[in-house]
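All residue numbers in this chain count up from 1 along the given sequence.
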Amino acid sequence: DIHGQHQHQSLLYNDNQRRVLDSYGNLDAQRNALTKQFRLVEELKREEENLEKSLAQIQREADYLQFVADELVKSDLKEGEDELLDDEIKLLSQYETISENLELAYTTLKGEGGLSSLAIALQAIQKASRGDSALIESYERLESLYVETQDLVETFRGRLSSITFSQERLDSLQGRQAQLQRLKKKYGPPLEMVIAYRDEVVGKLSQSEGDDEALQQLRDKIEVLEGELNVIGKKLSGERKKVALELQQVVAARLVHLGM
């Protein structure tokens with residue numbers, strides 16, 4: 001074998017001494033197990049540190065997040081609610097105008113100038129078309145108009161019976177509208193963004209509760225692994241001491257044999 005001039009000096013380093021001991025005493029498997037366990041513990045400690053930082057950040061924001069969550073959850077927001085409110089407020093605010101004109105349209109179509117006149121005209125054209133086939137198309141168009149007008153009359157009648165005015169209802173809707181506008185200005189502006197922010201905040205608070213439990217479980221796991229690491233380390237240390245003593249005796253005998 002060829003050796004460098006200063007190669008023997010490598011034995012002065014602790015790491016190299018341990019490698020020699022482990023190789024001589026067939027302790028490589030135990031050393032590898034110790035290294036693997038040590039790296040696992042270090043990895044979990046880094047995970048613990050990151051989780052602690054995340055929890056600390058959430059804790060710093062906890063009071064504000066809880067206030068926001070309480071405010072938005074209590075508000076019971078629903079997607080598209082603001083648009084529905086605007087439509088109903090508009091209807092109630094203009095109820096008088098809407099109902100008067102709807103009533104006028106209904107009575108006009110329902111009265112003598114509406115369906116009654118169309119019915120008379122329809123009957124007349126029907127009789128005329130029997131003698132003049134060129135009027136058949138006109139009859140069909142008039143019949144369609146009559147049916148459509150009937151449908152409109154029913155639609156107007158149904159709408160008139162379905163809408164009512166309530167000042168109490170209008171005041172309640174306007175109050176809710178003002179509440180939504182305030183929340184949209186504060187957290188939005190779109191209502192969908194406010195709802196998304198609510199869900200995000202609630203999620204953060206829930207995560208915080210879960211992370212507390214996860215952190216404790218992680219600490220418990222680290223404690224167990226560190227105990228195992230200590231056992232493995234003590235066992236390896238004891239084996240190395242035995243091997244070192246044996247190696248010392250072998251080296252001493254060799255030196256005597258060499259006359260050193």
Side-chain angles (χ1 to χ4, degrees), residues 67-206:
F67 169 79
V68 172
D70 291 343
E71 181 180 33
L72 295 180
V73 170
K74 186 178 179 181
S75 297
D76 191 25
L77 305 173
K78 298 178 179 63
E79 289 190 14
E81 180 185 2
D82 50 346
E83 296 177 359
L84 294 175
L85 276 174
D86 291 345
D87 290 342
E88 190 171 356
I89 289 172
K90 183 178 180 181
L91 186 149
L92 291 175
S93 298
Q94 301 181 46
Y95 173 78
E96 187 174 347
T97 300
I98 293 171
S99 60
E100 285 180 358
N101 285 281
L102 191 56
E103 178 71 31
L104 177 61
Y106 170 72
T107 55
T108 299
L109 291 180
K110 181 72 174 176
E112 293 183 0
L115 281 174
S116 298
S117 297
L118 283 174
I120 294 171
L122 182 62
Q123 189 176 21
I125 293 298
Q126 184 182 33
K127 292 179 180 179
S129 64
R130 291 171 185 166
D132 184 358
S133 60
L135 295 173
I136 293 177
E137 182 183 353
S138 298
Y139 168 75
E140 291 174 348
R141 290 169 59 193
L142 189 59
E143 184 179 36
S144 296
L145 180 59
Y146 179 77
V147 172
E148 181 66 20
T149 303
Q150 277 186 315
D151 185 62
L152 285 171
V153 168
E154 289 303 312
T155 299
F156 295 160
R157 183 181 66 80
R159 189 56 177 160
L160 279 170
S161 63
S162 67
I163 61 173
T164 57
F165 177 78
S166 168
Q167 186 62 51
E168 183 178 355
R169 173 67 176 169
L170 178 58
D171 293 341
S172 174
L173 292 174
Q174 288 176 331
R176 178 63 169 174
Q177 184 185 52
Q179 180 188 20
L180 295 187
Q181 288 174 343
R182 178 178 60 81
L183 292 175
K184 288 195 291 184
K185 183 177 180 180
K186 192 174 181 181
Y187 303 113
L191 184 61
E192 290 74 13
M193 187 179 292
V194 180
I195 293 174
Y197 184 58
R198 175 200 64 192
D199 295 341
E200 178 186 346
V201 169
V202 171
K204 280 186 177 181
L205 292 173
S206 299

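Minimum interatomic distance between Gly80 and Leu191 (heavy atoms only, all atoms of both residues): N-CD2, 4.3 Å. The minimum heavy-atom distance linking Ser93 with Leu170 is given by the pair OG-CD1, 3.9 Å. Shown here for Ile125 and Ser138, the closest heavy-atom pair between the two residues is CG2-C, 4.4 Å. Contact record, Ser166 with Leu92: N-CD2, 4.4 Å, taken as the closest heavy-atom pair. For the pair Tyr197 and Val68, the tightest heavy-atom approach, listed with the atom from each and the gap, is CE2-CG1, 3.7 Å. Annotation for Ser161 and Gly158: closest pair OG-O, 2.8 Å, computed over non-hydrogen atoms.
Heavy-atom contacts from other residues, nucleotides or ligands closer than 6.0 Å to NZ of Lys184 number more than 12. With a 6.0 Å radius and a threshold of 12 heavy atoms from other residues, nucleotides or ligands, Arg130 has its CZ atom above the threshold. By the neighbour-count criterion of 12 heavy atoms within 6.0 Å, atom NZ of Lys186 is densely surrounded, having more than that number from other residues, nucleotides or ligands. For CD of Glu192, the number of neighbouring non-hydrogen atoms (other residues, nucleotides, ligands) closer than 6.0 Å is greater than 12.
A distance of 10.5 Å separates CZ in Arg157 from OG in Ser162, rounded to the nearest 0.5 Å. To the nearest 0.5 Å, the span separating CG on Asp87 from CG on Leu173 amounts to 11.0 Å. Distance CD/Glu81 to OG/Ser75: 9.5 Å, rounded to 0.5 Å. Of the inter-residue distances, the one linking Leu77 atom CG with Tyr187 atom OH reads 10.5 Å to the nearest 0.5 angstrom. Atom CD of Gln167 is separated from atom CG of Asp171 by 4.5 Å, given to the nearest 0.5 angstrom. Glu143 CD to Leu118 CG: the interatomic distance, rounded to the nearest 0.5 Å, is 12.0 Å.
Counting heavy atoms from C-beta on, the side chains of Gln177 and Gln181 come closer than 4.5 Å. No side-chain heavy atom of Leu84 sits less than 4.5 Å from a side-chain heavy atom of Glu88. Proximity of Val153 to Leu115: side-chain heavy atoms (C-beta onward) are separated by under 4.5 Å at one or more points.
Although no hydrogens or angles enter the test, the distance criterion places no donor-acceptor pair under 3.5 Å between the side chain of Ser172 and the main chain of Arg169. Within the 3.5 Å criterion, the main-chain N or O of Thr97 finds a donor-acceptor partner in the side chain of Asn101.
Side-chain contact, Arg176 with Gln179: a donor N or O sits under 3.5 Å from an acceptor N or O.
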